[in-house]
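Atom set for the values below is all heavy atoms of this structure, side chains included, hydrogens, waters and symmetry mates excluded.
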Amino acid sequence: MTLEELVWHMRERRRMYVSDDRFVTMVAFIDGVNCAGPPGRRLLDGFEEWLAGGPSPLAWSAQILQALGMTAMHSLTPDQEQAACAEALNLVERFAQTKANRG
């Protein structure tokens, strides 16, 4: 599965893969798909650094929440859940496009 496919499935068919629409659930699924790839060629290799503009101690999911002004992944309102999921998928898609343009 490519990053573009992963984003499409999470946007169009999320409930085929996860049980709810919470940000934490989507993050867990995306991290699981990422970890299934071979070391050194995982889908999200470099994503955290790309988001931060360099090395960061924060996981990609925490970076997204922080950028949105949200703090706790497990206490988001339904509107925050939706916004965080949408932003995460937008950023993953942009990262995929950046990787594709680099060749």
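Counting only distance, with no hydrogens or angles, the side chain of E81 and the backbone of R22 share no donor-acceptor pair below 3.5 Å. The backbone N or O of R94 sits nowhere less than 3.5 Å from a side-chain atom of K99 that would complete a donor-acceptor pair. For the pair D45 (side chain) and R42 (backbone), a donor-acceptor distance under 3.5 Å is present. Side-chain N or O atoms of Q66 include none that pairs as donor or acceptor with a backbone N or O of T71 at under 3.5 Å. The closest donor-acceptor contact from the side chain of E49 to the backbone of P55 lies at 3.5 Å or more, if one exists at all. Listed for the E5 side chain is a donor-acceptor partner under 3.5 Å among the backbone atoms of T2. With Q80 contributing its side chain and T77 its backbone, the two residues share a donor-acceptor pair below 3.5 Å. With hydrogens and angles ignored, the 3.5 Å screen pairs no side-chain donor or acceptor of E48 with any backbone N or O of S56.
Nearest heavy-atom pair, A83 versus M70, reported as atom, atom and distance to 0.1 Å: CB-CE, 4.2 Å. Considering every non-hydrogen atom in both L65 and A84, the closest pair reads CD2-CB, 3.8 Å. The nearest pair of heavy atoms linking L43 to V33 is CD1-CG1, 3.8 Å.
For residues 22-43, every residue pair satisfying the ring pair (Phe, Tyr, Trp, His ring centres under 6.0 Å) rule, not counting sequence neighbours, is listed here: Y17-F29.
By the side chain to side chain contact (heavy atoms under 4.5 Å, CB included) test, R11 pairs with V7, L89, N90, E93, sequence neighbours left out.
If you chain together hydrophobic residues whose side chains sit under 4.5 Å apart, M1 and W60 fall into the same group. Residue V24 is grouped with residue L91 when hydrophobic side chains (ILVMFWY) are merged at heavy-atom distances under 4.5 angstrom, including chains of intermediate members.
Taken from CE in M73 to OG1 in T25, the straight-line distance is 10.0 Å, to the nearest 0.5 Å. Taking CH2 from W50 and CG from L44, the interatomic distance works out to 11.0 Å, rounded to the nearest 0.5 Å. Distance CG/L3 to CH2/W8: 16.0 Å, rounded to 0.5 Å. We find the SG-CD1 distance between C35 and I30 to be 12.0 Å, quoted to the nearest 0.5 Å.
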Report the C-alpha distance between D21 and R15 in whole Å, list the side-chain angles of each, state the deciding distance to 0.1 Å, and finish with yes or no for salt bridge (charged side-chain N to carboxylate O under 4.0 Å, His left out). CA-CA 8 Å; D21 292 325; R15 288 296 183 97; 3.4 Å; yes
Please evaluate residues M26 and V18 with respect to the criterion side chain to side chain contact (heavy atoms under 4.5 Å, CB included), reporting the C-alpha separation (whole Å), side-chain torsions for both, the decisive distance (0.1 Å), and the verdict. CA-CA 7 Å; M26 188 184 75; V18 298; 5.7 Å; no
